[in-house]
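Small disclaimer: the values here were computed from a predicted structure and weren't measured. We count residues from 1, following the sequence as given.
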Amino acid sequence: SNSVNLGFEPQWVIIKASSNTSSTDRWVILDNIRGIVSNGDDERLEADYAGAAVNAGGITLTPSGFYLESNNEYNSSGATYIYMAIRRGPMQTPTSTSSVFAINNRNSTGSSIDITSNFPVDWFFTKTRDDTYGFQQLSRLQGSGVRLGFYGTFAEQTDPNFEFDHNNKVVAGSDSSIGINRSGDNNIDYMFRRAPNFFEVVTYNGNNTSGRTITHNLGVVPEMIWIKNRGYSGGEDWAVYHKNLNGGTDPEDYYLKINANSSESNNDGNFNDTAPTSTVFTVGSDRRVNGNVADGNRYIAYLFATLAGISKVGGFSHTNGSSTDVDCGFSSG
């Protein structure tokens, strides 16, 4: 098997061939701050070589370890390997909103700008407040220079002017057309860090099999899940699970679309009529969530949960002509 089960998702890996070595079988070092891209080239350093970092095919992280993507110097037929891996953090439930979420309001310049937070950003999305360009998002597991939109069905797109820069920066470069950093615009930015009981991101390749379970590290039952087919060139809708769909009765039978204002629909092809658990969520065989990877169907999923004092996932009913108070439980007194 090309999968390595660690029992956790790593943030740092070093790999070396211990047999059948050749002059190219180096000590390869990968980490998730420089970027370990799901199904893409990883920036790697080599402990036994003084050269600069290079981008080459590598590994894809999973909630329980990693798998080797292609036949390369750390996945050669007949060779054996040694490795060491360090677990991704944080491992404790956050106690401060500012350690996992930030909002930034900025005047866009059209020139490269660093957007910073006080934590490593795992998910970033932005919207110009001055025009009709939709939200653009960047996820660390997708890799720098790759964006998705909430408002459309299109697959992820390459954008070298939109990337993560090391630890706690997002760089918005020159942008004149899609509302990320267009000169004269006013942008609002939202930044998330993955953390137990709060927010999680998972990538996976589709297999077109109903009832497939996807492992996650949220640590609790997800109360809302957003899934996007990021690889299918023809484009697909977002699929959203929320615990309050259908009034909270069998919500796993229903779904919403982020990219459309339509109401909830009953469809077992999305979440297979199966409620998520604290370790897995289940998908059907619909191309929105689990088409065959041979057709380019690769996915990213965002998982959310209620964390007392920090986040709340819920629902409410409203009567026209009256006000509605929604208590998120955040008030201090």
Side-chain angles (χ1 to χ4, degrees), residues 32-33 35-40 61 100-106 108 112-117 119-165 168-175 177-182 185-195 198-204 216 218 222 224-233 235-242 256-261 288-289 297-304 311:
N32 67 353
I33 295 300
I36 299 177
V37 180
S38 296
N39 304 109
L61 300 178
V100 291
F101 177 72
I103 302 173
N104 177 61
N105 194 60
R106 60 184 164 89
S108 300
S112 182
I113 183 174
D114 290 344
I115 305 163
T116 62
S117 72
F119 55 83
V121 179
D122 290 311
W123 185 37
F124 174 97
F125 56 101
T126 187
K127 172 75 171 73
T128 174
R129 299 165 63 189
D130 300 316
D131 213 326
T132 57
Y133 296 107
F135 274 106
Q136 300 288 343
Q137 63 159 335
L138 182 67
S139 175
R140 191 176 293 278
L141 284 179
Q142 287 174 267
S144 287
V146 178
R147 60 179 171 83
L148 270 174
F150 290 142
Y151 57 92
T153 61
F154 52 82
E156 63 186 12
Q157 300 178 9
T158 301
D159 188 343
N161 292 313
F162 192 34
E163 61 182 357
F164 291 106
D165 181 13
N168 59 352
K169 291 181 183 178
V170 174
V171 178
S174 174
D175 169 32
S177 61
I178 55 175
I180 294 173
N181 190 28
R182 189 177 60 172
D185 279 357
N186 183 276
N187 274 64
I188 189 76
D189 307 318
Y190 303 105
M191 291 166 273
F192 287 74
R193 185 182 190 184
R194 298 163 68 191
F198 167 65
F199 170 65
E200 172 66 323
V201 184
V202 178
T203 63
Y204 61 96
H216 67 81
L218 187 61
M224 182 167 65
I225 304 172
W226 302 355
I227 300 177
K228 181 68 174 76
N229 187 330
R230 62 192 184 95
Y232 179 63
S233 60
E236 260 299 347
D237 293 315
W238 288 77
V240 177
Y241 162 85
H242 191 288
L256 288 168
K257 305 172 185 178
I258 295 177
N259 55 291
N261 62 3
R288 277 185 293 269
V289 296
N297 297 290
R298 296 176 290 111
Y299 298 87
I300 189 161
Y302 302 98
L303 286 65
F304 307 84
S311 61

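- A172 approaches N181 most closely through the heavy-atom pair O-ND2, 3.1 Å.
- With sequence neighbours excluded, the residues that form a salt bridge (charged side-chain N to carboxylate O under 4.0 Å, His left out) with K257 are D237.
- Across E156, Q157, Q142, Q137, a single residue satisfies side chain to side chain donor-acceptor pair (under 3.5 Å) together with R147, and that is Q157.
- N32 contributes no side-chain N or O that, together with a main-chain N or O of G35, makes up a donor-acceptor pair within less than 3.5 Å.
- Formation of a donor-acceptor pair under 3.5 Å by the T126 side chain with backbone atoms of I188 is found in this model.
- Without hydrogens or angle criteria, D159 side chain to N161 main chain gives a donor-acceptor distance under 3.5 Å.
- Under the rule for a side chain to side chain contact (heavy atoms under 4.5 Å, CB included), the partners of V201 that lie at least two apart in sequence or sit in another chain are S139, L141, R194, F199, I300, Y302.
- Ring centroid separation for the pair F101 and F119 does not come in under the 6.0 Å cut-off.
- Using a distance-only test at 3.5 Å, with no hydrogens or angles considered, no donor-acceptor pair links the side chain of S117 to the main chain of A102.
- A donor-acceptor contact under 3.5 angstrom links the side chains of Y299 and N229, judged on distance only.
- Side-chain atoms of R140 come within 3.5 Å of backbone atoms of I33 as a donor-acceptor pair (strictly under, hydrogens ignored).
- Ring geometry for F162 versus F124: interplanar angle over 60°, hence perpendicular rather than tilted (30 to 60°).
- Under the rule for a ring-ring contact (aromatic ring centres under 6.0 Å, His included), the partners of F135 that lie at least two apart in sequence or sit in another chain are F125, F150.
- Between atom CH2 of residue W238 and atom CG of residue L148 there is a gap of 5.5 Å, rounded to the nearest 0.5 Å.
- When D185, N187, N186 are each tested for a side chain to side chain donor-acceptor pair (under 3.5 Å) with S108, only one passes: N187.
- Taking both residues in full, the closest heavy atoms of L61 and T203 are given as O-OG1, 4.2 Å, listed atom of the first, atom of the second, then distance.
- Counting only distance, with no hydrogens or angles, the side chain of K127 and the backbone of T132 share no donor-acceptor pair below 3.5 Å.
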